[in-house]
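First comes the structure, then the notes that go with it.
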Amino acid sequence: MFAIIALLPLVVLTIAIALLREGSRYLKYVALAASVTPLLLVPWLLGSIGTMQSIRWLTVGTYTLHVTTMLLPLNLLLFILVSIIAPLVVLYANGFMDKLSEDRRFYIEILTFQAAMLVFSIAGNFITLLIGWSFLSITSYLLIGFWNHKENAPGAARKAIITVIIGDLSILASAAIMFTTFSTLNFLTIISDIGGNFVASGPFYVAMVLLLVAVLTKSAQFPFQEWLADAMEGPTPVSAFLHSSTMVKAGTFMAIILFPLFVAAKLSSLMVLFGGVTIVIAISNALVNKNIKRVLAYSTMEELALILFALGVGAYAAAIYFFVMQTFYKALLFFYAGTVIKGNEESEDLENVRLYRGNRLLLAIGLIGTLSLAGFFPFNGFFANIMVESSLMSNTLAYAFMLLVDLGVSFFIIRWFVLPLRKVKNAAMLHKLSFSFAMLDKKMVYASTILAAITLAAPLGSIYIIGAIKGMNHYGYAAAVPSSELLDMVVEMLIVLAGIYFAYYLFYKKGRRIEKTYWLFNNSTAFNAFYRYFADFIYYLGGAAEFADILINEYFDKIGFKTAKLGGYIRNIETGSVSLYVIALIIGLALLIVGVLV
């Protein structure tokens, strides 16, 4: 039943497509209605927490495969997050997508994307997870390359699908190993089986390493991180949805929901390693990148890495809380960025775009998202950061690292925010800018305003979020919620204020540019070059293997030919004449005797 609810948006839209003509202006409103349906059904799901449901799929030998859904508190939490963000993304897209000819394809893909994430959010076994996970991969490929007329969009889509399909295959292989090890694919059954005196075997360890690879690919973590920045070639509503509550969040959510298995396999240190390296890579790029959407992409990469890092050091509750809070302000920042892009005739260059400062509502929306990401009190990002840091107080090195991360994040996001706020000295350009922003579709502003209000109110939902986290303790999870001290908050604020001040002073007051430090911090070019060289290496390795295969085939062909030729000679000797055979026997015996005597 849960899966049917998750698929309702796509079903509704499919019916609408059959009834409405191509290019109909009503299509976007039907799509909006479809996106809202899962949210309307959430109250009904609240009474089903803790339940599992299975639908028979097919039988293989003596085993019957089931599509299993479960509704633990965290499953419902992700379901609600997706259901809240999806209608706002569709409403924003109603104003952003201005070509009626694109509507049908776009809304089919975006709602399929939503349905895939909803199925993934309530997956109770590896089969259901694979279904949702794979559809996320396919729809993200279609959405990233949606504007296939753009020069870089097709390449970005291919790069994304090639990277994430590594994770798809890893999950498939891991599921096969899990089934041979535990004779089941159900998550809760496997988690219960590893309790007590469970000793991780070699196959189990391999299966969990494969799952970690899947997490790294989907959530754009080192060394698979570069596809996420290129994915900005897609429409901004897609970026908002992909970065806030779908696709890239799928990897970290799988790490959260299967965390007891990662602990049993002793992979926490690898989570810390990959998360920490990715944080450094992401912040370095975000500090100097000039593209308004790519900076946000690198910030998402850093946030996902932070979640993985927190899981690795055992801050399970903090990782979940951060996971939830990041959803709202990240979607809001992309909404703001898309509006700025629209107001600047589709330009995405931070050095050139400008925000019409007379639009105070839009300015406030951008400021809410920016201060939330920076971790400024009393915005939700502040409370998310505090919970992570409170969990790390006993680990001095990890705590110091987190403070440096907070400094870097607040610095780059304030740089991102203030660059478009620089004064426009040309009166004609100012008038043109004012006109462009005045002509923005109101639905973009409505969606951004609603999301800004939700972002501001998000900390008020902490009681429910923490309750959901604690509720996981009943299902074999260890989710201890840390307490925060006043000193933690003061230190956090001082670090964030330092980053805000230096960024504001350098890039707004002094008008500094980044050319001199670009070569030092930008590592994206090097990683992409490595990808190319690695792809070339695989290509040439494949060519060498093909050449060796040809040589081996030719060698055995020659052996076969010579053997056949020898057989022909022997066939000529075998005439059926008894006298000839007797003579040959005598000659053979004579040679044998001579050989013995000599």
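Sequential numbering from 1 along the given sequence is applied to the chain's residues.
- With hydrogens and angles disregarded, no donor-acceptor distance shorter than 3.5 Å links the side chain of Glu302 to the backbone of Thr300.
- In terms of heavy-atom proximity, Ala240 sits nearest to Ser244 at O-OG, 2.7 Å.
- Here the OG1 atom belonging to Thr252 is positioned 8.0 Å from the CG atom belonging to Leu311, to the nearest 0.5 angstrom.
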Identify all side-chain donor-acceptor contacts of residues 74-84 below 3.5 Å with residues at least two apart in sequence or on another chain.
unit_1: Asn75; atom_1: OD1; unit_2: Leu72; atom_2: N; d: 3.0
unit_1: Asn75; atom_1: ND2; unit_2: Ser121; atom_2: O; d: 2.7
unit_1: Ser83; atom_1: OG; unit_2: Phe79; atom_2: O; d: 2.7

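- Relative ring orientation between Phe259 and Tyr316 is described as parallel, the plane-to-plane angle staying below 30° on a 0-90° scale split at 30° and 60°.
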Which donor-acceptor pairs under 3.5 Å do side chains of residues 209-218 form with protein atoms, sequence neighbours excluded?
unit_1: Thr217; atom_1: OG1; unit_2: Val213; atom_2: O; d: 3.3
unit_1: Thr217; atom_1: OG1; unit_2: Ala214; atom_2: O; d: 2.8
unit_1: Lys218; atom_1: NZ; unit_2: Trp133; atom_2: O; d: 3.0
unit_1: Lys218; atom_1: NZ; unit_2: Ser137; atom_2: OG; d: 2.6

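- Taking the centre of each ring, Phe113 and Phe135 stay at or above the 6.0 Å mark.
- Scanning all heavy atoms of the two residues, the minimum distance from Thr278 to Ala220 falls at CG2-O, 4.1 Å.
- A donor-acceptor pair is defined here as one N or O able to donate and one able to accept, closer than 3.5 Å; no such pair exists between the side chain of Asn186 and the backbone of Thr68.
- Partner Asn94 forms a side chain to side chain donor-acceptor pair (under 3.5 Å) with one of Tyr107, Tyr446, Tyr29 and no other, that one being Tyr107.
- Minimum heavy-atom separation, Met247 to Met117: N-SD, 3.9 Å.
- With Thr51 contributing its side chain and Ser48 its backbone, the two residues share a donor-acceptor pair below 3.5 Å.
- For Asp441, the salt bridge (Lys or Arg N to Asp or Glu O under 4.0 Å) partners two or more places apart in sequence, or in a different chain, are Lys443.
- A salt bridge (Lys or Arg N to Asp or Glu O under 4.0 Å) check over residues 230-243, counting only residues at least two apart or in different chains, returns the pairs Lys150-Glu233, Lys159-Asp230, Asp230-Arg294.
- Looking only at distances, a side-chain donor or acceptor of Tyr477 sits under 3.5 Å from a matching main-chain atom of Ile257.
- Panel note: side chain His243, backbone Phe241; no donor-acceptor pair is recorded below 3.5 Å.
- Between the side chain of Ser219 and the backbone N or O of Gln221, no donor-acceptor pair lies under 3.5 Å.
- Applying the side chain to side chain donor-acceptor pair (under 3.5 Å) test to pairs two or more places apart or on separate chains, those with a residue in residues 377-392 are Ser372-Asn380, Asn385-Glu492, Ser390-Ser484, Ser390-Asp488.
- For the atom pair CD1 of Ile469 and CD1 of Ile320, the computed distance is 5.0 Å after rounding to the nearest 0.5 Å.
- The neighbour count for Leu460 CG, taken as heavy atoms of other residues, nucleotides or ligands under 6.0 Å away, is above 12.
- Checked by atom type and distance alone, the side chain of Thr128 never pairs as donor or acceptor with a backbone atom of Thr69 at under 3.5 Å.
- For residues 448-476, the side chain to side chain donor-acceptor pair (under 3.5 Å) pairs, not counting sequence neighbours, are Tyr321-Ser462.
- Heavy-atom minimum distance, Ala250 versus Phe120: O-CZ, 3.2 Å.
- Under the 6.0 Å distance and 45° angle rule, Lys342 counts as a cation-pi partner of Phe96.
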